[in-house]
Amino acid sequence: MVVSGATIDSLLKEKEQYPPSAAFRKKAVVKDDAFRLDAAKDPEAFWARMAKELAWIAPWSKVLEWNLPFAKWFVGGKLNVSANCLDRHLSGARRNKAAIVWEGEPGERRVLTYHDLWREVNRFANVLKGLGVKKGDRVTIYLPMIPELPVALLACARIGAVHSVIFGGFSARAIRDRAADAESHVIVTADGGYRRGAVLPLKKIVDEAIDGLDVVRHVVVFRRTGVEVTMREGRDRWWHELMTKADGECAAESMDATDPLFILYTSGTTGKPKGIQHSTGGYLVGVATTTRYVFDLKEEDLFWCTADIGWVTGHSYIVYGPLANGASIFMYEGAPDWPEPDRFWRMIEEYDITTLYTAPTAIRAFMRWGDEYPKRHDLSSLRLLGTVGEPINPEAWRWYQKTIGGGRCPIVDTWWQTETGMILITPLPGITTLKPGSATFPFPGVSAEVVDEKGDPVPVNKGGYLVISKPWPAMLQTLYKDPERFKQVYWSQIPGKYFTGDGARVDEDGCFWLMGRIDDVINVAGHRIGTMEVESALVSHPKVAEAAVVGRPDPLKGQVLVAYVVLKRGEAGSDSLRQELREHVRREIGAIAAPEALYITDKLPKTRSGKIMRRVIRSLVSGQEIGDTTTLEDPGAVDEVRKWLAEVEARKS
Ligand code: WTA
């Protein structure tokens, strides 16, 4: 094997270790290993202890009922999530503590105390009831990052409705598919949202999405920007008008711990998004516990998770985890480089934010914009940093640690998924020695392993599949309306274990190193996109016969999408058609799914049985080694694909 100087360098650097400082450890929520050891002895007892921190209407009779692959946590227990996030904080000092500190992109500020937030949520819960929403009904939410977004989530939770949040960057088509699948009678949206000074016309997109979709009976519209919107008589209602008429108090519904709290659609390896369904009790226990221990939560913290609530990170670590702990959260509406690339650092300085949780892709963008922007500001209020969404490259880790954290703040690199609901692999900042690029250890009470295709553990430092071998409280319950697919996607590869779809290795100290997805899901700027979804969007264009979409590593975005398209007979490729196809994907799925490069070609390389050789294309495009070619019917295929790629590249069309 030839090992270049650069490789040796990176291997050496990966050996770098950062033990917690004595100062941090002294004040940390977890100061020693007893917490972890205790959990390992009896995970169920550990989770039951954590669950007792919440307010229950009725106690559970059984901590875990495990009928593989369906896990029920806290069976028989009753609680309400909004009462846990709001009501129970009202009787003490947190009543007038800030729950949400918000800044809009144009610069307005709003602070909602726990009491304020409780009032808004109660009223909006009554608004939903007034529109006919009942326990168990699904409500679709398509809002910008404004306080009304957590208000809408908590209002659903208050009355036992199941929310389905759709990220504001998704297109009309994506909303239509999701609202139809969830059979939502009500959609909550805004006239628009701000992004880089422009207004994204959310209500207009919703109008297009639900045109002819009769299941949607009402659209509630919050006036955020003042852009003109068309209100359809009988269907569309203004948020502010409904709120003034609604009653100020709404009793919190008593929910079973196993009732669903929300659905969140995410990409899979087929064209159809999966409705990940999460529970009430187990989910809240999982996110409340991890928020407290992973982020070393203190009463006086101002916690900023920069994700959009349209993704699971925002559900778990903006809304439910922090609010269940009575924390103050910071929320920002817009772009990090608006009006200048120092926006984040300016807000950290102005509000004295203590904890910053963001994505490696954002960190790489900040690095590229230059050190001058963070250097303009005093970031000394920060005491803890976090990352999520993809593996963080050690360079970005070191930059984050030094330039943003001033060398003083631990970094928690947290591995988890929409499906897992909560962080599963992560440092505990008071006790874990950090290694740049490693998410380190499973959270206490969580069993993670790296195995081969037979399910046997692989040796130290050897790559394999990351699986979770025991149920954890915030695990997905099922795929909405599709338990068969739930079994097949997560539980059929390695019998008895949850299949994450990620590759990983465990080093000599037991630290986990994540190696990315092993299926056809790729990670663009920290967001999961199924390449099949993009393929089906391309093929839905009238001029396209076939398409193959693969991921290619990208220094900034982690991965980008590369599309190979075969046109229908008689159609000719051109720059404008390529542009049109990228636009088409944007419309069908959203801007994040638009391929970075799009090649038009006469044919796609296929196996003899007619399958597109995506795996080979993907490996060659990413410059990776081709793993096992024995499963290819024709080992000469690799050369064939290599030749095909060279031709496609040469044509540059
Ligand atoms: C990837 C986001 C390495 C992984 C919470 C996972 C990570 C997918 C990390 C889930 C991390 C997330 N290190 N990879 N710290 N965090 N991933 O569902 O491939 O949007 O399977 O959930 O992101 O993405 P999702």
Side-chain angles (χ1 to χ4, degrees), residues 27 29 53-55 81-125 143-155 157-158 222 224 243 248 284 287-288 290-292 294-309 313-334 343-358 377-386 409:
K27 293 194 198 148
V29 175
E53 303 275 322
L54 299 180
V81 166
S82 97
N84 269 282
C85 291
L86 301 169
D87 305 48
R88 75 185 171 121
H89 305 313
L90 298 187
S91 52
R94 287 178 183 154
R95 183 182 180 84
N96 296 311
K97 173 181 175 174
I100 300 177
V101 178
W102 175 84
E103 191 169 291
E105 196 187 71
E108 334 75 312
R109 295 170 181 203
R110 280 168 71 189
V111 176
L112 276 83
T113 64
Y114 270 94
H115 189 231
D116 293 335
L117 185 59
W118 177 88
R119 274 203 305 260
E120 295 294 305
V121 168
N122 273 265
R123 236 174 240 288
F124 196 64
L143 280 169
M145 281 288 285
I146 53 177
E148 283 64 29
L149 178 47
V151 167
L153 265 60
L154 291 161
R158 194 157 194 91
F222 181 79
R224 164 68 188 122
M243 285 291 263
L284 195 65
V287 298
T290 45
T291 302
R292 174 148 178 229
V294 173
F295 298 107
D296 187 52
L297 202 66
K298 302 285 160 56
E299 201 58 54
E300 61 277 17
D301 276 340
L302 183 56
F303 182 85
W304 186 18
C305 163
T306 69
D308 192 288
I309 294 176
T313 307
H315 283 58
S316 299
Y317 298 106
I318 297 177
V319 184
Y320 293 119
L323 296 180
N325 280 288
S328 296
I329 58 174
F330 181 73
M331 233 179 116
Y332 167 58
E333 177 184 36
R343 182 66 181 261
F344 273 26
W345 321 125
R346 182 176 72 54
M347 294 189 299
I348 288 172
E349 175 173 17
E350 284 188 18
Y351 295 93
D352 278 339
I353 290 165
T354 59
T355 315
L356 177 67
Y357 187 35
T358 195
H377 299 281
D378 175 3
L379 304 180
S380 60
S381 60
L382 286 173
R383 62 177 201 87
L384 180 66
L385 304 174
C409 308

Participant: Taking Arg110 for its side chain and Ile100 for its backbone only, find out whether a donor-acceptor pair lies under 3.5 Å.
Facilitator: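 No: the side chain of Arg110 does not pair with the backbone of Ile100.
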Participant: Inspect the contact between Glu53 and Arg292 and indicate whether a charged nitrogen and a carboxylate oxygen are less than 4.0 angstrom apart.
Facilitator: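 The answer is yes: the pair qualifies as a salt bridge.
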Participant: Is it true that a side-chain atom of Ser316 and a backbone atom of Val287 form a donor plus acceptor pair closer than 3.5 Å?
Facilitator: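 Absent.
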Participant: Do Cys305 and Thr313 touch side chain to side chain, with heavy atoms closer than 4.5 Å?
Facilitator: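 The answer is yes; the side chains approach within 4.5 Å.
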Participant: Using the rule side chain to side chain contact (heavy atoms under 4.5 Å, CB included), only one of Leu356, Asp352, Thr354 pairs with Leu382; which is it?
Facilitator: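 With Leu382 as partner, Leu356, Asp352, Thr354 yield a single side chain to side chain contact (heavy atoms under 4.5 Å, CB included), made by Leu356.
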Participant: Please check: side-chain N/O of Glu333 versus main-chain N/O of Ile146, any donor-acceptor pairing under 3.5 Å?
Facilitator: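 Not at all, since once roles are kept as given, no pair shorter than 3.5 Å links the two residues.
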Participant: Supply the atom-to-atom distance Phe330 CZ to Met347 CE, rounded to the nearest 0.5 angstrom.
Facilitator: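 If I round to the nearest 0.5 Å, the distance is 4.5 Å.
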Participant: Is it true that Asp301 and Arg383 make a salt bridge, defined as a side-chain N closer than 4.0 Å to a carboxylate O?
Facilitator: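 Judged by the 4.0 Å cut-off on N to carboxylate O distance, Asp301 and Arg383 do form a salt bridge.
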Participant: Nearest 0.5 Å, please: how far is CD1 in Ile329 from CH2 in Trp102?
Facilitator: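 If I round to the nearest 0.5 Å, the distance is 13.0 Å.
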Participant: For Cys85 versus Ala324, what's the shortest heavy-atom pair and its separation?
Facilitator: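 Shortest heavy-atom contact: SG-N, 3.8 Å.
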Participant: Look at the side chain of His315 and the backbone N and O of Leu153, then say whether any donor-acceptor pair between them is shorter than 3.5 Å.
Facilitator: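 Between the backbone of Leu153 and the side chain of His315 there is no qualifying donor-acceptor contact (under 3.5 Å).
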Participant: Does a side-chain heavy-atom distance below 4.5 Å link Arg94 with Glu299?
Facilitator: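 Counting from C-beta outward, Arg94 and Glu299 do come under 4.5 Å.
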Participant: First locate atom CZ of Arg95, then atom CG of Asp116, and finally report the distance between them rounded to the nearest 0.5 Å.
Facilitator: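 The CZ atom of Arg95 sits 10.0 Å away from the CG atom of Asp116.
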Participant: With a 4.5 Å heavy-atom cut-off, do Tyr320 and Leu284 have their side chains touching?
Facilitator: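 A side-chain contact exists here, since the closest heavy-atom pair is under 4.5 Å.
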Participant: Does the side chain of Glu350 come within less than 4.5 Å of His377's, by heavy atoms?
Facilitator: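 A side-chain contact is absent here, since even the closest heavy-atom pair is not under 4.5 Å.
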Participant: Go through Thr290 and Tyr317 one step at a time and tell me if the side chain to side chain donor-acceptor pair (under 3.5 Å) criterion holds.
Facilitator: CA-CA 9 Å; Thr290 45; Tyr317 298 106; 2.6 Å; yes
Participant: Is the shortest heavy-atom distance from the side chain of Leu112 to the side chain of Arg119 under 4.5 Å?
Facilitator: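 A side-chain contact under 4.5 Å is absent here.
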Participant: Keeping the roles fixed (side chain from Asn84, backbone from Val81), state whether a donor-acceptor pair exists under 3.5 Å.
Facilitator: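 No.
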Participant: Are any of the side-chain heavy atoms of Trp118 and Leu154 separated by less than 4.5 Å?
Facilitator: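 Heavy-atom side-chain distance check fails, nothing below 4.5 Å.
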Participant: Could you pull out the closest heavy-atom pair between Thr291 and Gly321, with the gap in Å?
Facilitator: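 So the minimum-distance heavy-atom pair works out to OG1-CA, 3.2 Å.
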Participant: Testing the basics here: between Asn122 and Arg158, what is the closest heavy-atom pair and its distance to 0.1 Å?
Facilitator: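 Reported closest heavy-atom pair: OD1-NE, 3.3 Å.
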Participant: Counting distance only, does the side-chain N/O of Asn325 pair as donor-acceptor with the main-chain N or O of Ala327 below 3.5 Å?
Facilitator: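 Checked: no pair found.
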Participant: Quick one: OH on Tyr357 to OG1 on Thr306, what's the gap to the nearest 0.5 Å?
Facilitator: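 It is 10.0 Å, given to the nearest 0.5 Å.
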Participant: Under a 4.5 Å cut-off applied to non-hydrogen side-chain atoms, are Leu117 and Leu323 in contact?
Facilitator: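 Sidechains of Leu323 and Leu117: in contact.
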Participant: Which atom names give the shortest non-hydrogen contact between Ala307 and Gly314, and what distance separates them?
Facilitator: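 Looks like CB-N, 4.0 Å.
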Participant: Do Trp304 and Tyr351 make the cut of ring centroids closer than 6.0 angstrom?
Facilitator: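 Centroid distance Trp304-Tyr351: not below 6.0 Å, so no.
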Participant: So how far is it from Leu297 CG to Thr355 OG1, rounded to the nearest 0.5 Å?
Facilitator: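 Separation between the atoms: 7.0 Å.
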Participant: Using 0.5 Å steps for rounding, measure from the CD1 atom of Ile318 to the CG atom of Asp308.
Facilitator: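 If we round to the nearest 0.5 Å, Ile318:CD1 and Asp308:CG are 7.0 Å apart.
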Participant: Any sub-3.5 Å donor-acceptor pair from Lys97's side-chain atoms to His89's backbone N or O?
Facilitator: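 It does not hold such a pair.
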Participant: Show your working on side chain to side chain contact (heavy atoms under 4.5 Å, CB included) between Ser381 and Ile348 and close with a plain yes or no.
Facilitator: CA-CA 8 Å; Ser381 60; Ile348 288 172; 3.9 Å; yes
Participant: Which pair of heavy atoms, one from Pro150 and one from Pro147, lies closest together, and at what distance?
Facilitator: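 Minimum heavy-atom contact is CD-O, 3.2 Å.
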Participant: Between Arg343 and Glu105 (side chain of the first, backbone of the second, donor and acceptor by atom type, cut-off under 3.5 Å), is there such a pair?
Facilitator: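 Side chain of Arg343 to backbone of Glu105: a pair is present.
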Participant: For Ser91 and Arg88, which heavy atoms make the closest approach, and how far apart are they?
Facilitator: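 Closest approach of Ser91 to Arg88: OG-O, 3.8 Å.
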